[in-house]
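To keep things clear, I will list the structure first and then write my remarks on it.
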Amino acid sequence: MSKLVLIDAFAILHRAFHAIPPLTNRNGEPTNAIYGFVSIILRVIGDLNPDYLAVCFDVKVPTFRHKEFKEYQSQRPPMADELSSQIGKAKDFLKAANIPIYLKEGYEADDLLGTIAKKGDFDSVVIVTGDKDILQLVDKKIKIYMPIVGLSSAKLFGEEEAKERMGVLPIQIPDYKALVGDPSDNYPGVSGIGPKTAEKLLEKYPDIDKIYAHLEDIDPKIRTKLEVGKKDVLLFHRLATIVKDVDIKIDFAEMKKWNIASSDVLKLFEEFGFKTLTKRIKEVGQKLDQEKQGSLF
């Protein structure tokens, strides 16, 4: 059984930054986000025992979504300096642990996660994120591992859990967002259509196209709202859909070479002042060595 685990870097770093009280290294530089980031990766390794491991990052430059809809995420405040200053440290850690990093201008980490997850020939794929939008990728093979209640626990979302969380099937999440809107991405949705109406429509019709193909069968009041908002709905649906064919070079062989307890990682942790994590890293490394020798992990 081969298992690929993909990590949504910014989603986890952001969650860690807000979940862990301020920490600094000997130089007074903030380290709480990277501390939480590493802690989650250690939990992921212990809980999921991946064969292949990679991390995807967002990039600062505008994506195709910003270009097509200028209000996209425009309400979000800029990233705190205390968090942005830790991104480089996170990448240093990943490089020291030989965990491949993927990013591409014009696309979000979600798109890279979707592309890699769909292209890999694995028995199972698990995406680690705090972003519920990625639940749209869930299928028979792909699951989402999501930290909840800060960083104290995590839940594995399959098809049933994703539907319970979102109210619609995973594949229908972009349709749902297009109809209802999404404050986090600044999609207004269709005026007058709320979650219950959207869920009922998507329970009867599988997607946006089928809804508009059957407008004559829909209640006149709802039909009018859909007709007025059609242009925006189609745009929001396209933007809310994770791209699964980004043109990137994927090296699955490199994803198997990760070493969480390398000497480079230990040296980096000394610089960060991570004494507790150094102990945990060594314990994880010992367990992984035992597994390679045929012992139970």
Side-chain angles (χ1 to χ4, degrees), residues 8 10-11 14-15 58 62-77 106-111 113-114 117-118 127 129-140 142-144 146 148 155 157-245:
D8 183 358
F10 277 6
H14 184 270
R15 181 175 288 263
D58 292 304
T63 68
F64 73 92
R65 295 180 177 90
H66 296 88
K67 293 178 181 179
E68 292 192 40
F69 181 54
K70 64 180 181 180
E71 292 85 4
Y72 180 67
Q73 297 182 347
S74 61
Q75 85 293 356
R76 294 188 180 184
Y107 294 92
E108 297 178 30
D110 294 10
D111 302 313
L113 292 164
K118 291 293 185 179
I127 299 173
T129 183
D131 182 1
K132 67 180 186 300
D133 289 346
I134 297 183
L135 290 171
Q136 67 181 266
L137 295 174
V138 170
D139 58 21
K140 297 296 183 184
I142 300 173
K143 291 182 171 59
I144 307 300
M146 190 176 296
I148 54 178
K155 181 175 180 178
F157 287 82
E159 292 178 306
E160 184 177 338
E161 292 82 6
K163 186 177 187 303
E164 181 180 353
R165 172 72 180 270
M166 300 301 295
V168 295
L169 297 171
I171 198 172
Q172 295 177 312
I173 291 175
D175 304 272
Y176 178 82
K177 286 185 63 175
L179 291 169
V180 175
D182 185 348
S184 68
D185 287 334
N186 213 25
Y187 298 140
V190 177
S191 178
I193 291 186
K196 290 185 178 179
T197 300
E199 288 175 17
K200 288 180 180 178
L201 287 169
L202 291 170
E203 186 175 354
K204 188 171 184 179
Y205 306 106
D207 54 41
I208 289 291
D209 290 339
K210 289 294 189 297
I211 289 174
Y212 277 98
H214 291 84
L215 280 179
E216 294 303 318
D217 302 324
I218 296 174
D219 179 274
K221 292 183 179 179
I222 298 176
R223 179 171 68 236
T224 299
K225 295 172 182 176
L226 289 168
E227 289 172 336
V228 171
K230 182 176 182 179
K231 182 178 179 181
D232 288 338
V233 166
L234 296 178
L235 170 63
F236 299 148
H237 179 266
R238 183 169 69 256
L239 301 185
T241 301
I242 291 175
V243 179
K244 294 175 278 293
D245 58 356

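Worth saying up front: this structure is predicted, and the values here are computed from it rather than measured.
Between Ile218 and Leu201 the shortest side-chain heavy-atom distance falls below 4.5 Å. A heavy-atom distance below 4.5 Å is found between the side chains of Arg165 and Phe157.
Salt-bridge annotation for Glu161 and Lys155: absent, with no side-chain N of the basic residue lying under 4.0 Å from a carboxylate O of the acidic one. Under a 4.0 Å N-O distance rule, the pair Asp139/Lys118 qualifies as a salt bridge.
The closest donor-acceptor contact from the side chain of Thr224 to the backbone of Pro220 lies under 3.5 Å.
Counting heavy atoms of neighbouring residues, nucleotides and ligands inside a 6.0 Å radius, atom NZ of Lys230 does not exceed 12 of them. Around CD of Glu164, the count of heavy atoms belonging to other residues, nucleotides or ligands within 6.0 Å does not exceed 12.
In this structure, the separation between CZ on Phe10 and CG on Asp131 is 13.5 Å, given to the nearest 0.5 Å. Between Ile142 atom CD1 and Leu135 atom CG the span is 12.0 Å, to the nearest 0.5 Å. Rounded to the nearest 0.5 Å, atoms CD1 (Ile144) and CD1 (Ile134) are 6.0 Å apart.
Under the 30°/60° scheme for interplanar angles, the aromatic rings of Tyr72 and His66 are found to stand perpendicular.
Aromatic ring centroids of Phe69 and Phe236 lie under 6.0 Å apart.
Scored by the side-chain contact (heavy atoms from CB on, under 4.5 Å) test, Asp245 finds Val243 as partners (sequence neighbours excluded). For Arg223, the salt bridge (Lys or Arg N to Asp or Glu O under 4.0 Å) test picks out no residue, with sequence neighbours left out. Partners of Arg65 under the salt bridge (Lys or Arg N to Asp or Glu O under 4.0 Å) rule, at least two apart in sequence or in another chain, are Glu108, Asp111. The salt bridge (Lys or Arg N to Asp or Glu O under 4.0 Å) check on Glu68 picks up Arg238, with sequence neighbours excluded.
When all heavy atoms are compared, the tightest approach of Ile242 to Gln136 is N-OE1, 3.0 Å. Nearest heavy-atom pair, Lys143 versus Lys140, reported as atom, atom and distance to 0.1 Å: NZ-O, 4.1 Å.
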Side chains of residues 171-185: which donor-acceptor pairs under 3.5 Å do they make with residues two or more places apart or in other chains?
residue	atom	partner	partner atom	Å
Gln172	OE1	Leu169	N	3.1
Gln172	NE2	Leu202	O	2.8
Gln172	NE2	Pro206	O	3.1
Asp175	OD1	Ile208	N	2.8
Asp175	OD1	His237	NE2	3.2
Lys177	NZ	Asp133	OD1	3.4
Lys177	NZ	Asp133	OD2	3.0
Lys177	NZ	Asp182	OD2	3.0
Lys177	NZ	Asp185	OD2	2.8
Asp182	OD1	Ser184	N	3.0
Asp182	OD1	Ser184	OG	2.7
Asp182	OD2	Ser184	OG	3.3
Asp185	OD1	Gln73	NE2	2.9
Asp185	OD1	Arg76	NH2	3.1

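The stretch residues 203-213 participates, sequence neighbours left out, in no salt bridge (charged side-chain N to carboxylate O under 4.0 Å, His left out) pair at all.
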